[in-house]
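Notes to accompany the following structure.
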Protein chains: 2
Amino acid sequence: MKKFSNKTIARAFLYIRILDDRIQNKQKYISSQELSDISGLTDVQIRKDISLFGKVGKPRVGYDTKELRGFLEAFVLKSTVRAVLFGVGNLGQAILKYPGFQTEKIKIVAAFDKDSRKVGKKINGVAIYAMKDVSRVIHRSRAQIAIIATPSEASQEIAGIITKSGLKGIINFAPSSLVVPKGVSVRNIDLSIEFLSLFYDIHSSRKRRKS
Amino acid sequence: MKKFSNKTIARAFLYIRILDDRIQNKQKYISSQELSDISGLTDVQIRKDISLFGKVGKPRVGYDTKELRGFLEAFVLKSTVRAVLFGVGNLGQAILKYPGFQTEKIKIVAAFDKDSRKVGKKINGVAIYAMKDVSRVIHRSRAQIAIIATPSEASQEIAGIITKSGLKGIINFAPSSLVVPKGVSVRNIDLSIEFLSLFYDIHSSRKRRKS
DNA sequence: AACCAATCGTTACAATCTTCACGATTAAAT
DNA sequence: ATTTAATCGTGAAGATTGTAACGATTGGTT
Ligand SMILES: NC(=O)c1ccc[n+]([C@@H]2O[C@H](COP(=O)([O-])OP(=O)(O)OC[C@H]3O[C@@H](n4cnc5c(N)ncnc54)[C@H](O)[C@@H]3O)[C@@H](O)[C@H]2O)c1
Ligand SMILES: NC(=O)c1ccc[n+]([C@@H]2O[C@H](COP(=O)([O-])OP(=O)(O)OC[C@H]3O[C@@H](n4cnc5c(N)ncnc54)[C@H](O)[C@@H]3O)[C@@H](O)[C@H]2O)c1
């Protein structure tokens, strides 16, 4: 399989989202310039990204919205992403309640918590299981990735449970760095560091480009 | 002021967090190798990052934990980050309840919502105000950055309100790209794209490096 | 005192990512 | 049919980021 960089892939999903919106509005064509205005990226970057996948634009008119969307999806959207969640606390509940994680593209299929008062309940249709059921539930639900929303003290242990269950992708919200076997991908979403580095940004540079 | 890349700065905050932990445990010295094991970054990268700020390590022993922390903080931590939150929904409430955002380093000082049933309440000590009070409250609380946790339809309008109030930094959780005046920095935290691109990762590459 | 082993700091190198410059293409206008 | 202007696609240049190699330093050991 051909390799595209993470950054290109992330932007491709952004293009798809924009295209979905425009298709909804019955817009037939979109130019790299218009995509640039909407996304904040440069038009060249957009054309370059798209051209990595193949030639699909029409000179003088731009890209056919539906065609481009189908084109990009064929490369990046393999199937529905099925995720399980660890830690049904404040953040975990917000995630469970988010409609955007119960779509055809992304679906949270189960949640786990060590707190027995939460086990057995359902949030937004997603059942909360005890930790002893992890392996069974993951296999039965054919989950592909896991979300860690437990306290950071527990995150490494849970990462171990996740990888032992065979999952190859982890989104980690805990402010900790996980050690995982080779072949497992981890995305750390570290909000404190986002806040702090944004603040640094503001104070260090007075002349800045866009986002 | 000297310029360090965003990535270096983000890593510096990570180093500080690790150092805080080690200082708590009375550890006097730490080597780039040990920092590497903990963080998942390479030892070379760590030494390089630190050396950009200056010479502080001791050959043969490593870095003095307290000294290094003080050193890094002097460069990156200007003062407490004071943030305001827009949208006290599922995600917004999780953020308000998070103790990590009520520390000396990061403090959420006010929240806003258009829902009058939420206005007037307090969550974790943070008062929720009506939208008409934005400007006044932002100035009085001397907030420096804003968090957008409203539906994406409202995000652009709110970004306008934020920048009109003089804030120069925005953390945006809505799946939308904001248009902001020059000089304003935006960090988009787009969880759906994180999920999707992680999933792509898993399926495209079978031989991968660490996180 | 001399040596050794661990560790830092730095310069050179490599890889990745973005921007630039410009030719190719095509719809529309005349 | 020719011209024109908008737009795409892309190789080359440039910028940024990460890696490697290795000398410099120093605490401990013999
Ligand atoms: N809430 C936020 O806005 C926010 C922001 C940044 C980072 N985080 C991080 O996200 C994580 C979750 O935050 P939160 O605010 O939801 O915390 P929380 O305390 O509200 O919830 C944690 C949940 O994890 C469960 N849990 C604890 N140990 C467990 C274990 N070993 N196995 C299974 N479940 C376990 C608890 O029962 C609880 O339900 C934390 O690591 C936190 O640092 C949260
Ligand atoms: N919850 C999640 O896990 C999650 C995940 C990814 C992205 N997001 C994004 O984060 C944002 C918030 O998500 P949520 O789940 O908290 O949504 P939510 O619907 O629970 O909360 C939205 C809040 O914003 C308030 N609001 C709406 N319009 C407003 C306006 N014009 N001015 C002020 N306040 C306004 C509402 O009253 C409500 O309290 C959304 O853009 C969502 O797409 C959320």
Side-chain angles (χ1 to χ4, degrees), chain A residues 2-12 14-15 18-19 22 27-65 67-69 71-72 75 197 201 204-205 207-211, chain B residues 2-12 14-15 18-19 22 27-65 67-69 71-72 75 197 201 204-205 207-211:
Chain A
K2 197 165 166 196
K3 177 160 159 292
F4 303 98
S5 80
N6 259 336
K7 302 208 170 182
T8 295
I9 294 298
R11 287 190 297 261
L14 180 58
Y15 304 150
I18 294 171
L19 290 166
R22 297 300 152 135
Q27 183 173 332
K28 188 101 183 69
Y29 290 98
I30 192 165
S31 67
S32 57
Q33 184 56 59
E34 190 177 352
L35 279 166
S36 165
D37 293 340
I38 297 167
S39 65
L41 304 165
T42 69
D43 57 339
V44 186
Q45 175 116 73
I46 289 163
R47 287 202 299 282
K48 186 118 202 192
D49 280 339
I50 293 172
S51 78
L52 292 177
F53 298 109
K55 293 190 187 185
V56 64
K58 294 182 182 53
R60 187 62 204 255
V61 294
Y63 302 93
D64 179 302
T65 49
E67 185 187 356
L68 178 56
R69 186 187 62 168
F71 202 72
L72 294 176
F75 279 98
S197 73
D201 239 37
S204 62
S205 75
K207 64 269 176 226
R208 259 301 140 123
R209 335 214 101 271
K210 52 177 141 180
S211 150
Chain B
K2 197 165 165 197
K3 178 159 158 295
F4 304 97
S5 81
N6 260 336
K7 303 210 170 184
T8 294
I9 294 297
R11 287 191 296 262
L14 181 57
Y15 304 149
I18 293 170
L19 290 167
R22 297 299 153 136
Q27 184 173 335
K28 189 102 184 66
Y29 290 98
I30 192 166
S31 67
S32 58
Q33 184 55 58
E34 190 177 352
L35 279 167
S36 166
D37 293 340
I38 298 167
S39 67
L41 304 166
T42 68
D43 57 338
V44 185
Q45 175 118 71
I46 290 164
R47 287 202 300 281
K48 183 122 195 202
D49 280 339
I50 292 172
S51 78
L52 291 176
F53 298 109
K55 293 190 188 184
V56 65
K58 293 181 182 56
R60 186 64 205 256
V61 294
Y63 301 94
D64 179 303
T65 49
E67 184 186 357
L68 178 56
R69 186 188 62 170
F71 202 73
L72 294 176
F75 279 97
S197 72
D201 239 38
S204 62
S205 75
K207 63 266 174 234
R208 257 302 139 122
R209 332 215 105 270
K210 50 179 143 179
S211 151

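Excluded from the calculations below are hydrogen atoms, water molecules and symmetry mates; all remaining heavy atoms, backbone and side chain alike, are included.
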Could you check which of [options] has an atom nearest any side-chain atom of [X]?
X	options	value
B:P59	C:dG9, D:dG9, C:dT7	C:dT7
A:K48	D:dC8, D:dA12, C:dC8	D:dA12
B:S5	C:dC20, D:dT17, C:dT10	D:dT17
B:S51	D:dG18, C:dG9, C:dT19	C:dG9
B:V61	C:dA27, D:dT10, D:dG27	D:dG27
A:R11	C:dT18, C:dT10, D:dG9	C:dT18

Identify the two heavy atoms, one from [X] and one from [Y], that lie closest to each other, and give their separation to 0.1 Å.
X	Y	value
A:L14	A:S39	CD2-CB, 4.2 Å
A:E67	A:D64	N-OD1, 2.9 Å
A:G57	A:P59	O-CD, 3.8 Å

Below the 4.0 Å mark, does [N] have OP1 or OP2 next to a side-chain nitrogen or oxygen of [X]?
X	N	value
A:Q45	C:dT19	yes
B:Y29	C:dC8	no
B:K58	C:dG9	no
A:S32	D:dC8	yes
A:R47	D:dG9	no

[X] has an atom [atom1]; how far is it from atom [atom2] of [N], in whole Å?
X	N	atom1	atom2	answer
A:Y63	C:dA27	OH	C1'	17 Å
A:N6	C:dT18	CG	P	11 Å
B:Q33	C:dA6	CD	P	12 Å
A:K7	C:dT16	NZ	C1'	9 Å

Do A:R60 and C:dA28 have a side chain to base donor-acceptor pair shorter than 3.5 Å?
->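 Answer is no: no donor-acceptor pair is held.
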Taking atom types as modelled and ignoring hydrogens, do the side chains of B:S32 and B:R47 form a donor-acceptor contact shorter than 3.5 angstrom?
->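 The answer is yes; a qualifying pair exists.
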